[in-house]
*Asks:* 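Structure incoming, see below.
Quick caveat, the model's predicted, so the values are computed rather than measured. Residue numbers start from 1 in every chain, and the chains themselves are labelled A, B, ... in the order their sequence lines are given, proteins ahead of strands.
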Amino acid sequence: MKVPALSRGAWLLGGLLWLVATAAGFALLARHALTPGPTLEAPSSWPASAHPPLAKGRPTLVMLAHPRCPCTRASLGELSVLMEHARGQLDARVLFLQPEGTSSDWTQGPLWRAAAAIPGVTVLVDTGGEQARGFGVATSGHSLLYDAAGRLRFSGGLTGARGHRGDNPGRDAVEALLREAGGVGGSSEHAVYGCALEEPPEARATNTP
Amino acid sequence: MKPTEDASGPTVVLKERAVLLFHEHLTTVRRRTDRLFAGLMLAQWAFGILVALFVAPYGWEGKDRALHAHVYAALFLGAALTVFPIALARWRPGAVSTRHGVALAQMLWSSLLIHLTGGRIETHFHIFVSLAFLSLYRDPWVLLTATVATVADHIIRGLLWPESVYGLPNVEWWRFLEHALWVGFLNLVLLHAGRVMRREMREVAVRRAELELAREREEDKSAELDRALRELSGFQEHLIRVEKLAAVGQLAASVGHELRNPLAAVRNAHAYLSRRLSRDAIGAADDPRVPQFLGVMERELGACAKIISDLLDFARERPPALQPCPLRPLVDEAIGVVPSRDGVRILNEVPESLPVPSLDKEQFRQVLVNLVQNAVEAMPQGRTGQVSVLAEGGDTGPWAIRVVDDGTGIPPDVLPKIFEPLFTTKTRGTGLGLAIVANMVQRHGGTISVRSEAGRGSEFHIHLPATAAAQAA
């Protein structure tokens, strides 16, 4: 089909704009995937108020998780890999948020069952997010590794981006800590990719009875 | 298959035609593939939205939820990846830029779907499936565009976000080459398949061109044959006209000859009567030769009228007006018209119970009159004889009407010519009687034949098809 020169030029311009728009879209998508959630200061030693208490004789890993966050599925996947590599050296607990005013059904969904299926992992309810606040955690998938003495060795996420599984610095750091010094040498902090565990302050104010 | 003609002309035409057909076919295939991808883009868009809704429908902040960024990405970025190639396929089908745009969009769809599924390794197979689909264009440059897009995506992601494409945080700079190698390997297979397909398409085009040329040659021959047939038909018409003119000449000669004698007799009688009346008009009434000459004039003018009547019957080819016509009364009527002759008996042996056929009464009476009169005239002078008219058939079968005489018979050398116009053995006659009979029988869809034996007589046999009876029923 013979197309007039002007029309061909219009198509070319349209194609260029399309490329730019598409590139911008992918860039935004990548930025979203690589933007970590907020992190707070985690207690440097095992909080006395934490329940259950620190495991005896081996490191303890605590992951605070939102039961409906799609990104957390990837975090649980990486935890599964970590537990397999740890070969029983690690006591892992996943504390799923149960906000006030929600039932246990809201919490015990597919992610709960996925976590419970990982060997060596204990799944618990964090009612009202008290444990998360105690550990200074604000983002789902945030994991904390305490050594047998209760000292914080690792704080951060086990994925390299939102919802993306695969090798990543966070999981590598935990594995290195366990491998090199049985979880007692050095410390590491990494970004966390996941949903916020609590509503924004203004929303909380609105929800308050 | 390659053309093997020695003459360069047909070979060049064949090659040019084959190239044209090949490109037409290729364009058709590419337009079809454009439409296929338009549908595929829509399907991918719908699939991407479903994946986003299934894998990551919402982002959460405590109890609050909002549509996940992936859903928006599937909707809007997916729309961008879908609409532009569909527009290309719709408004520029078959164009080079369309298939390259489609290739680029398709590979970007791979990236988006991989992202939406959280980088699942299984979704990476979308790249290979896409390349296979793109090979349907049978254009190696389209595969190159797709491959360049994929490799560029790997390089950029490898630099900025290696986990999203390699699943590892730190990779060697050349890692994209490993992925490109596998893509290239698939491309080799697809290129080979594409080359085979194009070769087959060329072969098909050559065969089609050969067939078309052969058909054109046949059409030329057919046109030439038609022209020759038209010329032949023209010659035939000309010949018929010439024959007609000859026949008219012969007829004119025959009629003229036949009319000359009676007219000469009339002229002589008229001359005598004129002289006689001018000399003594009153005394002429007593002249015995006056009524004699008047009788001659009446007889000869009657003969002239008969000749003219025969001529008109032969010339007018009036189609028969069929109507139910009982045969026996018709035969009686015909016998009544024929002048009787001493010693010759004419018998109507048509059964009264015979079914009634559909005939043109006037024409068939003429047929019977001519046949009976011929039979009577065939009797030697001074000898007794018999002429019989018989008929049989009807119901659902054909009709047979026979006129049998026991006269002298027809000589064998004369027999084949008796139905020809202007043929006669009589001293006086136009030779049109039996030709008129044959014509009229044929117009009724029948046939007439004759069997004769010298010294024993003749039998004229009229055969009418069964439809005559059926129409009368």
*Asks:* Would a 4.5 Å heavy-atom cut-off, applied to side chains only, mark A:F26 and B:L108 as touching?
*Replies:*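 Yes, their side chains come closer than 4.5 Å.
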
*Asks:* Is the side chain of B:K63 donor-acceptor paired with the backbone N or O of A:T102 at a distance under 3.5 Å, no angle test?
*Replies:*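 Judged by distance alone, no pair lies under 3.5 Å.
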
*Asks:* So do A:W18 and B:V83 actually touch side chain to side chain, heavy atoms under 4.5 Å?
*Replies:*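 Contact flag for B:V83/A:W18 side chains = no.
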
*Asks:* Identify the residues of residues 119-149 of chain B whose heavy atoms come closer than 4.5 Å to a heavy atom of chain A, ordered by number, or report 'none'.
*Replies:*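 Interface residues of residues 119-149 of chain B: B:G119.
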
*Asks:* Take A:C69 and B:H68 through the side-chain contact (heavy atoms from CB on, under 4.5 Å) test and state the conclusion after the steps.
*Replies:* CA-CA 10 Å; A:C69 173; B:H68 198 278; over 6 Å; no

*Asks:* Side chain from CB out, backbone as N, CA, C, O: work out which of these in A:A30 comes under 4.5 Å of a heavy atom of chain B, or both, or neither.
*Replies:*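 A:A30 touches chain B through backbone and side-chain heavy atoms alike.
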
*Asks:* Could you tell me if the side chain of A:R68 sits less than 4.5 Å from the side chain of B:Y58, heavy atoms only?
*Replies:*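 B:Y58 does not reach A:R68 side chain to side chain.
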
*Asks:* Atom CG in B:L160, atom CG in A:L34: separation rounded to 0.5 Å?
*Replies:*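 One finds 9.0 Å between CG of B:L160 and CG of A:L34.
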
*Asks:* With sequence neighbours left out, write down each residue that passes ring pair (Phe, Tyr, Trp, His ring centres under 6.0 Å) with A:W106, or none if nothing qualifies.
*Replies:*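 A:W106 satisfies ring pair (Phe, Tyr, Trp, His ring centres under 6.0 Å) with A:H66, B:W60 once adjacent residues are dropped.
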
*Asks:* Listed by chain and number, what are the salt bridge (Lys or Arg N to Asp or Glu O under 4.0 Å) partners of B:E16, not counting sequence neighbours?
*Replies:*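 Listed in chain order: nothing, the list is empty.
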
*Asks:* Measure the shortest side-chain to side-chain distance between A:L29 and B:H70 over non-hydrogen atoms and say whether it is less than 4.5 angstrom.
*Replies:*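 SC-SC contact between A:L29 and B:H70 confirmed.
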
*Asks:* Can you say whether B:R157 sits under 4.5 Å from chain A via the side chain, the backbone, both, or neither, judging by heavy atoms?
*Replies:*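 Only the side chain of B:R157 comes within 4.5 Å of chain A.
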
*Asks:* Checking heavy atoms, do the side chain of B:A95, its backbone, both or neither come under 4.5 Å from chain A?
*Replies:*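 Nothing of B:A95, per the 4.5 Å heavy-atom cut-off to chain A.
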
*Asks:* In residues 75-85 of chain A, which residues are in contact with chain B at a heavy-atom separation under 4.5 Å?
*Replies:*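 Not one residue of residues 75-85 of chain A has a heavy atom under 4.5 Å from chain B.
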
*Asks:* Can you tell me which portion of B:I156 sits under 4.5 Å from chain A's heavy atoms? Options are side chain, backbone, both or neither.
*Replies:*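 Neither part.
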
